[in-house]
Protein chains: 2
Amino acid sequence: MNLPPLIQSFVLHFGEMGSRWGINRTVGQIYALLYVSPEPLCAEEIVEALGISRSNVSMSLRELQAWNLVVLKHLPNDRRDFFTTPDDVWQILRTLAEERKKREVDPTLSVLREILMQPPGSPRERYAQERMAEMHGLIEQLTTWYEDVKRLETERLANLLSLGSKITRLLETKDRIVTLGRGRKAGKKQAGEQVRLVAPDDGAQ
Amino acid sequence: MNLPPLIQSFVLHFGEMGSRWGINRTVGQIYALLYVSPEPLCAEEIVEALGISRSNVSMSLRELQAWNLVVLKHLPNDRRDFFTTPDDVWQILRTLAEERKKREVDPTLSVLREILMQPPGSPRERYAQERMAEMHGLIEQLTTWYEDVKRLETERLANLLSLGSKITRLLETKDRIVTLGRGRKAGKKQAGEQVRLVAPDDGAQ
DNA sequence: CGCTGATTTCAGTCATTTCTGAAACAACAG
DNA sequence: CTGTTGTTTCAGAAATGACTGAAATCAGCG
């Protein structure tokens, strides 16, 4: 491996991480290398940088393309394929989330649904189905949330993140205010459907 | 493998998923089996159900314990170890998130920080550091959000999820209202610090 | 103690995955 | 068409990871 030390550490770490994930070491390393390279790289450059075989690079790039994690570029007057990663880290995050969902979550949901359709043949299966239903419900809640927030523009998404749990404090407050303002019972938080916000130190308290 | 068909499908699927993840097939299967079993199981029962060696079960249970995904129970007058998974799926989710963060995110953050401390030796390294800084920033935003919301009680967390992106509509609305109500400039969303909520069709519009 | 029943460890075997080099393939220029 | 440059495929080698059985260890109990 023939790389400046800073970059080498990064590449090696991603190789490690890659293998701890489903994706293999080489794929991780190539991705890391592309990520920190200012210009697109061709296969041969990757071979030299990482000291691995040409064919390995080819297969790994293929894998990265299957994940949509890498973009193919062509320079004028050059038949070689050049590769980069998208510039925007948020975009990368989205792609990653989408692909992992597709490969891991969706198949699981469909297996669960299929099993849940079948009539249980014993109390033991009956119980198992209940448990699976719980799991199914949880995953569905999470994916619904995901499907919802993934459409946000990045700036909004970042805002939502930085809000974090604070929003729930607002919900509590809302309950209180609703109670005061209208004599309605608190609790039953059909949360957030069409509430409106008001500036600090304003209005009802 | 000696299991009712419904349960077998589930167990096999989790084995598959396990290997697509870092965790191996057997570990996935054992977890799935424990998850759908109404009573805690001892090692020998797992051996019979899955048709694998005793020592493999022992090692895999060890691994599951390391992940805190499994709880050890002792029945009175029985020296054997019995295992279950926690009942609450939300709790399971929390554990999973926590452990994955510990194993995947934290080490990455620390590698990134370490690399970012070092002076770049070339323009190439300079650029690489910029990219790493972007990645570091993103991961930090995500973990900050995570650290924040993970403390919520389950009910609140579920509410937050079901709100999803709706909350950003509130933020937009807030900007508008703040503008109307106080003549402040919109934009610059130092979002949500101490805003208050008001019931629908109430107050300022 | 030393026996019993249970669990863990570990060295070696087996299986899977990753990686390579050679060969096939593709695109283009002359 | 033929030579050149670049990419992909693929069968087998190398490396890694999973699994097993035998032996070691542990925890109670008479």
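A, B, ... follow the sequence lines: proteins, then strands. Residue 1 opens every chain.
When DNA chain D is scanned in the 5' to 3' direction for atoms under 4.0 Å from non-hydrogen atoms of chain A, the outermost contacting nucleotides are D:dT4 to D:dC10.
Looking at A:L41 and A:I30, their side chains never come closer than 4.5 Å, going by heavy atoms from C-beta outward. Residues A:M132 and B:F10 form a side-chain contact, since some pair of their non-hydrogen atoms from C-beta on lies under 4.5 Å apart. At least one side-chain heavy atom of B:L34 sits less than 4.5 Å from a side-chain heavy atom of B:I46.
Among residues two or more places apart in sequence or in another chain, the ring pair (Phe, Tyr, Trp, His ring centres under 6.0 Å) test is passed with B:F83 by none. Applying the side chain to side chain contact (heavy atoms under 4.5 Å, CB included) criterion to A:V105, with sequence neighbours excluded, gives A:K101, A:L109, A:I139, A:T143. Under the ring pair (Phe, Tyr, Trp, His ring centres under 6.0 Å) criterion, A:W67 pairs with no residue, sequence neighbours left out.
Note: CG (B:D81) to C1' (C:dT8) measures 11 Å, nearest angstrom. As a whole-Å value, the separation of B:D78 CG from C:dA6 C1' is 10 Å.
For DNA chain C, none of the residues of residues 35-47 of chain A falls under the heavy-atom distance limit of 4.0 Å.
Judged by distance alone, the side chains of A:T95 and A:N68 never bring a donor and an acceptor atom under 3.5 Å apart. Using a 3.5 Å distance cut-off with no hydrogens or angles, the side chains of B:T154 and B:R94 do pair a donor with an acceptor.
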statement: With sugar-phosphate taken as primed atoms, P, OP1 and OP2 and all else as base, the protein-contact string of nucleotides 11-20 of chain C at under 4.0 Å (heavy atoms; B, S, -) is -------SSB
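The stretch residues 70-79 of chain B participates, sequence neighbours left out, in these side-chain hydrogen bond (donor to acceptor under 3.5 Å, both in side chains) pairs: B:H74-B:D81, B:D78-B:R80. Residue pairs meeting the side-chain hydrogen bond (donor to acceptor under 3.5 Å, both in side chains) criterion with at least one member in residues 111-121 of chain B, sequence neighbours excluded, are B:R113-B:H136, B:R113-B:E140. Annotation: side-chain hydrogen bond (donor to acceptor under 3.5 Å, both in side chains) contacts involving residues 31-54 of chain B, sequence neighbours excluded, comprise B:S53-B:S55. Here salt bridge (charged side-chain N to carboxylate O under 4.0 Å, His left out) pairs that include residues 116-134 of chain A, with residues two or more places apart or in two chains, are A:R126-A:E130, A:R131-A:E134.
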Between the protein and nucleotides 26-30 of chain C, which nitrogen or oxygen pairs are less than 3.5 angstrom apart?
none

Acceptor/donor pairs from residues 16-28 of chain A side chains to any protein atom, 3.5 angstrom cut, sequence neighbours excluded:
from, atom 1, to, atom 2, distance (Å)
A:S19, OG, A:G15, O, 3.3
A:S19, OG, A:E16, O, 2.9
A:R20, NH1, B:R103, O, 3.0
A:W21, NE1, B:E104, OE1, 3.4
A:N24, OD1, A:T26, N, 3.0
A:N24, OD1, A:V27, N, 3.0

